Structure formats: structure tokens, C-alpha cells
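Here is the structure we will look at, set down as C-alpha cells.
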Amino acid sequence: MAILGEIRKRSWLMVGVIALALLAFLVNPDTFDQVFGKNPNILGKVNGEEITRDEYNDQLFILQQQAQQQGQPTAGLEEQAWQMMVQSKLIKQQFEKMGLKMTDDFFWSQLQYDPMFAQNPQYFDEKGNFKLQEVRKFYEGLEGSGNVQEYNQWLKTKRSIEYRMMARQLFANVSSGITVSKKEAEEMMRQRDQVADIDYVKVDYAAFLAKNPVKVTTEDLAAYIKQRPHTFKGQASRNIGLVYFPATPSAQDDAKAQAELNKLFTQGTDASGGKENFQNTTNDSMFVTLNSDLPFNPMYFKKEQLPQTIADKVAAAPLGQVFGPYKEQNFYVVSKLLDKKTSDSTLSRHILIAYKDSPAGQGVTRSKDQAKKLADSIGAVVKADPAKFTEFLNLSNDPGSAAQGGSLGWTTPETPFVPEFLAYLNSNPKGATGVVETQFGYHIINIQDKKAGAMGYKVANLVKAIKPSEATENVIDKNARRFIQQTQGKSFNDFANIAKKGNYQFSNPKNVKRFDGQLQGLGTDKDEAIIAWAFDKKREKGDSEFFVVEGTGDRIVAYLNGKQDEGLVDPESVRDQLELVVKNQLAAKKIAEKITAAKATSLDAVAKLFGTQKQSGQVNLLSPALGMAMESKVAGAAFGVQKGKMSNPVEGMTGVYVLVKKSETVNKQPGDVKQISEAIAAQNAQMFGQQLMKSLQDNADIKDYRIEVWNKTAQ
């Protein structure tokens with residue numbers, strides 16, 4: 001009864017327990033995590049300040065746009081975007097710690113110095129004065145203009161500009177306090193001018209280890225790493241073994257591709273009943289489109305851009321000349337010369353109007369119809385008065401070119417632009433303005449200038465790829481599956497040895513990060529899937545998995561050899577980097593012990609002990625070169641030991657040294673205190689920004705939740 005009475009008194013507690021139990025039972029795991037675990041919209045924290053998924057995605061999108069404009073791969077930029085976000089947060093925090101504030105007045109007063117504006121002449125008048133009032137009025141007016149998409153785009157751009165402003169102000173303020181004292185300059189001159197003449201004996205590590213082998217254990221590597229926590233502080237990583245089974249076409253596959261090409265070239269297509277072939281067709285582009293393994297390319301190419309087999313023949317060949325069949329890498333090809341003409345170089349500029357769900361339309365809310373109407377209206381204005389082009393740059397969804405006045409520079413028909421864009425540039429004269437639709441949206445293009453270029457050749461290529469047949473893929477699949485069966489439950493050494501014994505392509509990326517994007521030694525469309533597999537919470541060391549690369553038929557077997565959580569790196573993952581360094585340290589210890597045990601009191605005795613010779617040399621603290629090595633510890637010992645006395649063993653970079661100082665002299669070099677001070681100041685200024693960021697990052701409390709929450713929104 002007493003117990004029942006207590007329960008009645010605390011009925012609210014029972015209700016809470018029941019409610020919690022029901023909630024845990026009913027909600028799905030992701031919802032439960034969001035309520036009671038980490039928020040999937042927060043990817044991490046920097047000194048307690050959140051990095052949201054939205055701002056991270058904004059940064060990633062900017063990097064991908066830049067990569068696309070430069071013709072670089074857009075995959076694998078996730079880690080770079082993360083590092084930029086971390087550094088931006090650190091700069092902002094330090095900026096505020098110094099009592100500085102990013103006010104509106106500060107922002108607008110500094111805008112003219114930001115590269116986006118400073119490098120764009122449209123923002124300056126004829127006297128070189130920044131049009132601050134006009135610029136401010138325009139951008140502040142976006143908020144109430146009703147154009148939500150453009151306003152949101154400006155907010156993202158403004159945030160990036162603010163980070164750049166804070167960095168510039170932070171570095172300027174801190175670096176202004178970095179000075180070089182007279183005492184520092186005098187000490188530098190002393191170290192530069194003072195020279196010690198020494199006799200010494202060097203016990204070379206390589207020579208010693210050849211006679212006295214040393215094995216470096218995992219514990220030895222761990223001890224070295226533990227003494228240098230900042231240097232070897234690492235993110236979560238995985239050690240992965242990979243065996244790659246490429247689906248290489250067989251001789252039969254090669255012959256089949258050649259036969260298919262020959263039939264299309266001389267006999268004819270099945271669809272035409274054998275009447276139309278590549279030689280007699282009257283529509284080359286359509287024939288290639290319907291029968292080739294690679295699409296028809298209407299562009300004009302320079303001689304050096306053509307396949308080597310035909311490059312030296314096209315100049316003198318008549319139109320309609322056919323070349324081949326010939327083999328080009330994994331293809332059989334027949335080429336037909338369609339046209340010749342000089343390729344003009346074109347100077348152009350554009351404004352891109354993207355729409356929702358287009359590749360350049362992140363954050364854009366307008367529909368495709370709305371984008372077309374807007375582009376047509378801008379195009380009409382610019383066509384009537386090209387001088388008004390710059391008035392619409394703020395509407396462009398290509399911020400990279402917009403920052404350059406919309407300019408795309410000089411391009412040729414070979415420039416890797418989308419075909420519709422190139423077609424407009426190639427077929428319109430200087431001064432033309434038009435609206436062109438591409439996969440990215442609607443472009444208002446203005447052709448500013450044209451000049452004649454080299455001869456270009458238009459060629460139709462009928463191509464048949466030499467692809468692995470189903471029978472070939474079956475053999476590859478069989479080999480890969482037999483391999484995974486042989487290695488199931490085996491150690492990593494067994495996995496590697498069986499792969500090497502079978503002459504399979506083996507690689508072992510040892511320090512794979514979750515967002516690397518590609519695997520060293522592999523580079524397939526399955527790389528990201530393998531990395532995600534290795535970082536799955538269920539994955540254990542020793543697990544293996546089988547992957548098939550879509551489109552190629554290649555097989556990959558992956559083996560998880562190690563899991564490293566965030567913190568000090570796994571010693572074995574950096575063995576290749578550290579083994580020789582640690583081995584030399586262990587050798588140095590043995591050499592020093594041998595010298596001590598022998599009670600050697602002279603350089604001759606030390607030399608005899610190791611079968612080497614006494615040498616002479618000069619060292620100086622500022623440039624401690626001795627022989628072919630930079631030995632700063634030896635230089636320090638030379639100036640620290642008494643004249644005529646033998647030093648203790650010194651652990652150098654390339655060996656252990658024992659030395660006797662014969663004399664010290666001063667070799668006065670050109671340059672006074674002022675010059676040296678200025679040189680030190682310039683050197684410090686050059687290194688300052690990088691060192692400041694490293695210091696801020698090393699001492700920051702950075703929490704990275706990406707691995708835990710990355711895939712939650714996808715569900």
C-alpha cells in the first residue's frame with residue numbers, strides 16, 4: 001500500500017515514463033535521433049558555433065561551379081568545402097574576439113577592395129572612383145523587389161564577401177603588431193657570420209643498419225606519434241585493401257567489333273536492307289548518330305586534335321575522303337572528311353538565367369517559363385543597346401563570369417562549352433546578341449569581337465567500341481568471386497598475398513577519409529560506394545565486399561584492414577611515411593650505447609669502433625650544412641662544446657656524429673641590422689597568414705558530425 005501511495009503521489013513521473021516508452025517504440029530511428037541525438041541539419045561545430053548543412057551546401061556549390069567553369073571534375077570537393085567552412089568560422093570568431101564588428105557601414109566601406117568588385121571596371125567611374133551609392137542602392141533594393149531568388153543569391157554571395165573582409169582585416173591588424181627587434185636582427189647576423197671549424201666522425205645510419213638490422217614495431221611508431229600529437233592528429237579514416245578485376249576485352253571481342261565496323265563501312269545496315277553504308281550514305285551525321293558507339297560531333301578540330309592516324313592526311317584530302325578502318329585505343333574507327341575552314345576565335349560575354357532544378361539553379365525558385373521570359377526581355381534590351389548589358393549582371397546565375405563583367409574570354413570551336421553555346425558563337429558575327437537555351441538555363445550572349453584562327457576540320461567518325469562480351473564478363477566475375485571465397489575470413493596479409501600470387505591488380509590506400517571522393521590506385525565510379533561501405537557503422541576489420549562497376553563490367557573486391565577514429569593516426573597507416581625516421585632513431589640509440597659502452601675518449605677510437613674515418617668541416621647555425629646534409633643539431637653541438645673537448649653522440653638527420661671543436665671564427669657577411677630586420681619582417685609577413693590559420697585550427701575545438709548524420713536527410 002505504501003508503494004501504491006508513492007506511485008499515486010508521483011503519477012506525473014509514470015505518465016512521462018510511459019510516454020517516452022511509446023515514443024521510442026513508435027517513431028522511426030531517424031526521427032528518434034533527431035529528437036534525442038544529433039540534428040542531421042548540423043554537420044559540426046567550431047568552438048561551439050554550428051556549421052549547418054545549408055551553409056555547407058552553399059560553399060560546396062560555389063566550389064563545384066568554379067570547378068565546372070575551369071573544366072575540372074566537380075566530384076570529391078566535399079572535404080575542401082568543409083575545411084573552408086571551418087576556417088571561415090575561425091576567422092569570424094577571432095575577428096569578433098578582437099572587438100571588431102561586421103556592421104553595414106564597415107561592409108559597404110570595404111566592398112570596393114573585395115576581388116569580386118575590385119576587378120570589375122563596371123563598378124568604377126571614368127576617374128576610378130567606386131560607385132558606392134549606386135551599388136549599395138541596387139543590392140539593398142533586392143530585398144523588397146519581389147525577386148526572392150536573386151535576393152537569396154545575394155545573401156549567399158554577401159556572406160562569402162564578409163568572410164573575406166574579416167580575414168583581410170584580421171590579418172592586417174595582427175600582422176601590424178609583428179615587429180623585428182634590433183636584438184633579433186643582431187642575433188640573426190651573429191648566427192649567420194659565426195663559423196665553427198670541427199673534426200668529426202659520422203656513423204651513417206644506412207651503413208650501420210646494413211650490418212645491424214632493426215625492426216620497427218607498431219609500438220615504436222605509436223611512441224613517435226604520441227610525442228607529436230599536433231602533427232599526427234587525424235580525422236576518422238579507413239585502411240582498405242583493393243583488388244581490381246578489369247573487364248578487358250578478349251581477342252574474340254576485338255574481332256567482333258572489327259567485323260561490325262567493316263559491315264557498316266562496306267556492306268550496309270540491316271535497317272536499309274544492306275543498301276546504305278558509311279561510304280554511300282548521303283546523311284553522314286544521321287548515319288553516325290544511328291550506328292556509331294560515339295555520337296556525331298559537329299565541331300571543327302585543329303590538325304593536332306585529330307587522331308594521329310589521319311592527322312597528316314586531312315590537309316591534302318578532298319571533302320568526302322574516307323580514312324580507315326583503323327584502331328584507336330579501345331575503338332575501331334572509320335573517318336570521313338566533311339568540311340574544312342578556318343576556326344574563328346570569339347570574345348564573348350553572357351548572362352545566365354537559370355531555373356529551378358537546372359544544374360546552375362540551386363536556390364532558384366523561378367520556373368523554366370519564367371526564366372525564358374526574363375531572358376527574352378533582357379535579350380531584347382541588350383540587343384537594342386549593348387551598353388546596357390552590365391546593368392543585368394546581378395541577375396546572372398554564373399557568379400564567376402558575372403564578377404568579370406560577364407566575360408568568357410576568347411574561345412574557339414574547340415573550347416569545352418555545351419554545343420548550343422558554341423553553335424551560336426560560331427554562326428553569328430561580331431556585335432550579335434541573342435538568347436540561347438542550354439542544359440544550364442537561358443544565356444543572353446553578346447559577341448564582342450572575332451578574329452581568324454587556324455584551319456579546322458569537320459570529320460564524321462563511325463566508331464565501334466571494343467567491349468567485353470558477356471562471356472568475357474563471366475570469366476572476370478568468376479575470377480573475382482573465386483578470389484573473395486579464397487580470402488573469406490583470412491588475414492589482410494593472406495588477402496594481399498593471394499592477390500599478388502594471382503597477378504591481380506592490388507592496392508592499399510591506408511588513410512582514406514569519408515569524403516575523399518576517390519580512392520588512390522583505383523579511380524572508378526564505385527569509389528564513393530566503397531568508401532561509404534568502409535565507414536558503415538556495422539563494418540568490422542576483416543570484412544570484405546564485392547562491387548561491380550556499372551557500364552564497364554569491372555569487378556572490385558574490397559577488404560577493411562583497419563578503422564581509425566578521429567584523434568592520433570593509426571601507426572600502421574603512416575608506416576610508409578615514418579618507418580625510416582623511426583628506424584634511424586632506434587639505430588641512433590644503439591650507436592650511442594655502443595660508444596658509451598666502449599668508453600671511447602677520442603675521435604680515432606670512435607672511428608675505429610665503427611670502421612669509418614675522421615673528417616673535418618665547418619658549420620654555422622643559420623645554414624648548418626655538413627657534407628650533403630643539413631645538420632642543425634650538429635651545428636648546435638659545435639657551438640655548445642668547449643674547444644678541444646669531444647662532444648657526446650649527436651643524433652643527426654643522416655647519422656650519429658661525434659665532434660671536437662677546433663676553433664670559432666667570424667666571417668662577416670654583407671648587410672646591416674636594418675637590412676636584416678627588413679628581410680626577417682618580409683619573411684614573417686609571407687608566412688604569417690598560413691601559420692595563424694594553422695595555430696587557430698590546432699587550438700580549436702572542432703566537432704565533425706558528418707559521418708554520423710550525412711545520409712540521414714537522404715532517407
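Not measured: the values here are computed from a predicted model.
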Hey, are [Y] and [X] close enough side-chain-wise for a donor-acceptor pair under 3.5 Å?
X	Y	result
Glu276	Thr281	yes
Thr52	Asn41	no
Ser285	Asn283	yes
Glu79	Gln83	yes

Looking only at atom types and distance, does a side-chain atom of [X] sit under 3.5 Å from a main-chain N or O of [Y], one as donor and one as acceptor?
X	Y	result
Asp344	Thr346	no
Lys450	Leu425	yes
Thr415	Thr412	yes
Asn277	Thr266	yes
Asn397	Tyr355	no
Ser407	Gln404	no

Distance in Å, [X] [atom1] paired with [Y] [atom2], rounded so as to fall on 0.5 Å steps:
X	Y	atom1	atom2	value
Met166	Ile91	CE	CD1	8.0 Å
Leu408	Ser348	CG	OG	4.5 Å
Asp525	Thr552	CG	OG1	7.5 Å
Glu78	Arg706	CD	CZ	9.0 Å
Leu142	Glu150	CG	CD	7.5 Å
Phe117	Leu111	CZ	CG	4.0 Å

Quick check on [X]: does its [atom1] atom have over 12 non-hydrogen neighbours (other residues, nucleotides or ligands) under 6.0 Å away?
X	atom1	result
Lys513	NZ	yes
Lys156	NZ	yes
Gln308	CD	no
Lys340	NZ	yes

Given the rule in the side-chain contact (heavy atoms from CB on, under 4.5 Å) test, do Val288 and Asn461 qualify, once you have shown the distances and angles that lead to the verdict? CA-CA 7 Å; Val288 169; Asn461 293 308; over 6 Å; no
Which heavy atom in [X] sits nearest to a heavy atom in [Y], and how many Å separate them?
X	Y	result
Asn262	Pro325	OD1-CG, 3.3 Å
Ala354	Ser358	CB-OG, 3.6 Å
Val46	Gln93	O-NE2, 2.7 Å
Leu43	Pro40	CD2-O, 4.2 Å
Lys467	Asp253	O-CB, 3.4 Å
Ile62	Ser160	CD1-OG, 3.8 Å

Is it true that Lys368 and Glu437 make a salt bridge, defined as a side-chain N closer than 4.0 Å to a carboxylate O? yes
Close side-chain approach of [X] to [Y], heavy-atom, < 4.5 Å:
X	Y	result
Val322	Lys336	yes
Lys313	Gln321	no
Lys158	Glu162	yes
Met165	Phe107	yes
Gln305	Met299	no
Trp108	Gln133	no
Trp82	Asp704	yes
Asn39	Glu50	no

Who are the ring pair (Phe, Tyr, Trp, His ring centres under 6.0 Å) partners of [X], not counting sequence neighbours?
X	result
Phe130	Phe124
Tyr705	none
Trp154	Tyr139

Partners passing side-chain contact (heavy atoms from CB on, under 4.5 Å) against Lys303 (at least two apart in sequence or in another chain): Ala311, Asp312, Tyr457
Tell me which donor-acceptor pairs under 3.5 Å the side chains of residues 440-447 have, and how far apart each pair is, sequence neighbours excluded?
from   : atom 1 : to     : atom 2 : distance (Å)
His443 : ND1    : His350 : ND1    : 3.0
His443 : NE2    : Thr438 : OG1    : 2.7
Asn446 : OD1    : Arg349 : NE     : 2.9
Asn446 : OD1    : Arg349 : NH2    : 3.2
Asn446 : ND2    : Thr433 : OG1    : 2.9

Taking the six-membered ring of Trp410, is NZ or CZ of Lys451 closer than 6.0 Å to its centre and within 45° of its axis? yes
Asp376 vs Lys372, test: salt bridge (charged side-chain N to carboxylate O under 4.0 Å, His left out). Steps then yes/no. CA-CA 6 Å; Asp376 286 341; Lys372 186 176 188 309; 2.9 Å; yes
Would Asp554 and Lys526 satisfy salt bridge (charged side-chain N to carboxylate O under 4.0 Å, His left out), going step by step from the backbone distance to the final call? CA-CA 10 Å; Asp554 300 346; Lys526 276 296 176 191; over 6 Å; no
As a quick check of understanding, evaluate side-chain contact (heavy atoms from CB on, under 4.5 Å) for Ile530 and Leu522, giving each step before the final call. CA-CA 11 Å; Ile530 294 171; Leu522 196 59; 3.8 Å; yes
Apply side-chain contact (heavy atoms from CB on, under 4.5 Å) to Asp293 and Lys464, showing your working. CA-CA 5 Å; Asp293 286 343; Lys464 277 298 168 186; 3.6 Å; yes
Quick test of your reading: applying ring-ring contact (aromatic ring centres under 6.0 Å, His included), list the pairs with at least one residue in residues 280-334, sequence neighbours left out, ordered by first then second residue. Phe278-Phe287
Test log, rule side-chain contact (heavy atoms from CB on, under 4.5 Å), inputs Glu49 and Lys92: CA-CA 10 Å; Glu49 185 177 352; Lys92 177 175 176 288; 3.5 Å; yes
